[in-house]
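Chain letters run A, B, ... following the sequence lines, proteins first, then strands; residues in each count from 1. Just so you know, these numbers come straight off a predicted model, no measurement behind them.
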Number of protein chains: 2
Amino acid sequence: MVTDQRDAGRRLVFSTIRKAGRIARVDLARETGISPATVTSITAELIREGLIEETGPSQDNDLRRGRPRVDLKVRGAARIVAGMKLSHQTIAVALVDFEGTLVGEACLELDRARFKAAELLPLFRRALEHAVSTAGMTMDALAGIGIGMAGTVDAAHGTVYWSPGLSERNVPLREMLMADLDMPVFIDNDANLVAMAEQYFGHGRGVSDFIVLTIESGVGMGIVVNHEIYRGARGCGAEFGHTKVQLDGALCRCGQRGCLEAYVADYALLREAATTTDFADRATTAQKLQSLVEAAQAGDETAKSIFDRAGRMFAMGLANIVNIFDPELIILSGERMQFDYLYAEDVLDGIRKSIVQIDMAPPEVRIHKWGDLMWAKGAAAYAIEGVAEIALQDIAGNAA
Amino acid sequence: MVTDQRDAGRRLVFSTIRKAGRIARVDLARETGISPATVTSITAELIREGLIEETGPSQDNDLRRGRPRVDLKVRGAARIVAGMKLSHQTIAVALVDFEGTLVGEACLELDRARFKAAELLPLFRRALEHAVSTAGMTMDALAGIGIGMAGTVDAAHGTVYWSPGLSERNVPLREMLMADLDMPVFIDNDANLVAMAEQYFGHGRGVSDFIVLTIESGVGMGIVVNHEIYRGARGCGAEFGHTKVQLDGALCRCGQRGCLEAYVADYALLREAATTTDFADRATTAQKLQSLVEAAQAGDETAKSIFDRAGRMFAMGLANIVNIFDPELIILSGERMQFDYLYAEDVLDGIRKSIVQIDMAPPEVRIHKWGDLMWAKGAAAYAIEGVAEIALQDIAGNAA
DNA sequence: GGCAATAATTTACGACCAAAATCAAACTTG
DNA sequence: CAAGTTTGATTTTGGTCGTAAATTATTGCC
């Protein structure tokens, strides 16, 4: 407890710098409420440890009088971390420096979708080694690894209760990976990591309470409350996709009925479409979906009604989230352009009509079309957070 | 910022004492992580200020050797606060001491249900004066007042956006009351205050994340995240009752369709029942409900089916909460015994079947049948929290 | 070139916490 | 029943830390 106060100060200063990107000491003092003297002392310490660096005089100095302010920023070269995402038959890797800039990437195609945990370890390692060598680095340049997986994951304990990519249940994957790779590993539900990507690099910067929704083969949700990912009592991510929108409704992959996912996920759309359309000539799910979207755009009433219902169900589920959470901001984050219909103006309108009316603006809804690497960058953000925590604790330990 | 650390220590020590009820200094030191020396110094300060007191040797001293431990507790007489709840045509008042023990109560019947804000002020005052004089005290014995109202309330700003008891919208009620009564006033949504009552006095003691649901004429929800009431971005409580459980479903009082409330609230049950039953001989809502419950218990199929549907809708809504929040504990809190059917084993079973399955126990569901004063005690708990905060800040101010 | 303005650092000092020592109040034991 | 033991609480002591004030640094302005 002896260095408690200093510790808190360091954390606060460091995270303020990271959130700001670039910031001068004066502003740091003003924002954190810490006195300039202490800011000097803390930043000196962080510079000495190599975690932050000066970037030279601020841009806007010529507008001011007096001694020019010197901006500080996180020192990108301080640490390199990897973010990985296990998707359907692929492992995507992003190498990212301490500032969050991408310094390398790789993608490993897999021959199937489900693996035993023991089979997965060498695959992760291979993907990682590939990314590292392509970037001209070695494995020991990495300070930590973040991993995102679909399914229910207990981030605190690093246990994967269930994942579509794993054929086993209750796998202590984090422990296994840490033993195998010999570096800190952080695992979380992929939707949570997208939320973290938004918080670190996207629309969620500086927003205290927001919600991120992703639509892929399933529907994922990440909740940020008070600047932190909310994980619930059992450490599992929020299961928006299995929110019930219809009593005894459509059958879901999870075995229950009426889940939102059973109305808006790709398999749900395709099984409806299959009633009237023969998709025999289309091989992949993506191709089938593509043709369904095109049919709707061409005016096919059946296809349109499928999307229409999915959109209304989605609006209802989303309105429920708003009614329960009253977030400041909702981010619809994803890469699938063919899902545009879900983000259409009518859907957003449906949400607005379904939330409790007060004389204040409803939460802002933003649509964020990320590229393929979003997931992996989210995982990297999680790794950065964990590695930064370790670094700050190291300083505290050395000082004591 | 100079007494930052001491301030945090004081807060921590005081809240630990309050949570524990009675606790010796050694245990305080162990629980808070603060050194015994500092605990001595802080507790001495709090005793000097009259906020806590020694209660003599602990009960279990004869089981131990060595110097007997001396328990500390919050000094009840330190402050008296009032909690008030505005319900349909009544104002309930609870006078509570700093420990939370009831020292007086009163109830004022009103001649109608909706008032202008300016009309409400003298009514609140009259109810308060009645309670105070009945308890043999004077108004200036009160250190603060907590008020609970149905509707959407911004607790931070003390604004009532809308309430069934107010004929105006966007009323700065807190400001008005503080000016009128000349003491600190704290206002919040009634469901949030029930959550606080559970946190302070009920099943929620020591639980970090839980959810409280109340069913009255509407359906209310209070969310506790990380030991704090979650209020959302716009400061309004969570609107569980207006969560949608059916696309284009039953019409709700709020004007929208498919709200949970439109299936489980008393008016919803009665309007269904009215289709086949003539309630002309029953005057009040409560009497009508009573006869409906009796009919169901007597085996009337129509009545049973009404309750059955309400129960299934309730289970669905509740399961959604679990899927989204994954709380440690859910408390169904209320006073209406006739709503037993909603808490029946089938309903709980329905919830368990509708949540995402992982290999861990589902959240515990507890039913808490409070008396009439629950709401007012919740309001009092809120007032205690606010008044304690003021007291601790005063100490910090004096010290500086 | 000196003055004003603003940023950052250094200095002086008091607040605070924890470890160690001490005091206090019981029980145990011979 | 007196000395020792055990455990709780307080006091003493040493050192860390943060802030205010003073100082130094660096530029713009006249």
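Among the nucleotides D:dC17, C:dA8, D:dT10, the one closest to any side-chain atom of A:Val70 is C:dA8. Of the candidate nucleotides C:dA25, D:dT11, C:dA8, D:dT11 has the atom lying nearest to any side-chain atom of B:Thr40. When each of D:dA9, C:dA8, D:dA20 is scored by its nearest atom to the side-chain atoms of A:Val26, the top-ranked nucleotide is C:dA8. Set against D:dT26, C:dA18, D:dA20, the side chain of A:Pro68 has D:dT26 as its closest nucleotide.
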Would A:Arg69 and A:Asp27 satisfy salt bridge (Lys or Arg N to Asp or Glu O under 4.0 Å), going step by step from the backbone distance to the final call? CA-CA 9 Å; A:Arg69 33 184 68 185; A:Asp27 292 328; 2.8 Å; yes
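The separation between B:Leu72 atom CG and D:dT10 atom C1' is 14 Å, rounded to whole Å. Here the C1' atom of nucleotide D:dT19 and the CD atom of A:Gln5 are 11 Å apart, to the nearest Å. Atom pair B:Arg10:CZ and C:dA15:C1' shows a separation of 12 Å (rounding to whole Å applied). When rounded to the nearest whole Å, the span between CZ of A:Arg69 and C1' of C:dA8 equals 12 Å. Distance, B:Ile23 CD1 to D:dA9 C1': 15 Å, rounded to whole Å. A:Ile52 has its CD1 atom 12 Å from the P atom of C:dA8, to the nearest Å. Taking atom CD of B:Glu45 as the reference point, atom C1' of D:dT10 lies 16 Å away to the nearest angstrom. Between the P atom of D:dT19 and the CD1 atom of A:Ile42 lies a distance of 9 Å, rounded to the nearest Å.
Checking the phosphate oxygens (OP1, OP2) of D:dT16, no side-chain nitrogen or oxygen of A:Arg6 falls inside 4.0 Å. Side-chain nitrogen and oxygen atoms of A:Arg67 include none within less than 4.0 Å of the OP1 or OP2 phosphate oxygen of C:dA8. At C:dA18, one or more side-chain N or O atoms of B:Thr38 fall inside 4.0 Å of OP1 or OP2 (strictly under the cut-off). Not one side-chain nitrogen or oxygen of A:Ser35 sits closer than 4.0 Å to the OP1 or OP2 atom of D:dG18. When the side-chain nitrogen and oxygen atoms of A:Arg25 are compared with OP1 and OP2 of C:dT9, one or more of them lie within a distance under 4.0 Å.
Ring orientation note: the planes of B:Phe325 and A:Phe325 are close to parallel, at an angle under 30° on the 30°/60° scale. Ring orientation note: the planes of B:His203 and B:His368 are tilted relative to one another, at an angle of 30° to 60°.
In this structure, a donor-acceptor pair under 3.5 Å is present between the side chains of B:Thr38 and B:Ser35.
Rounded to the nearest 0.5 Å, atoms CG (B:Asp140) and CE (B:Met183) are 8.0 Å apart.
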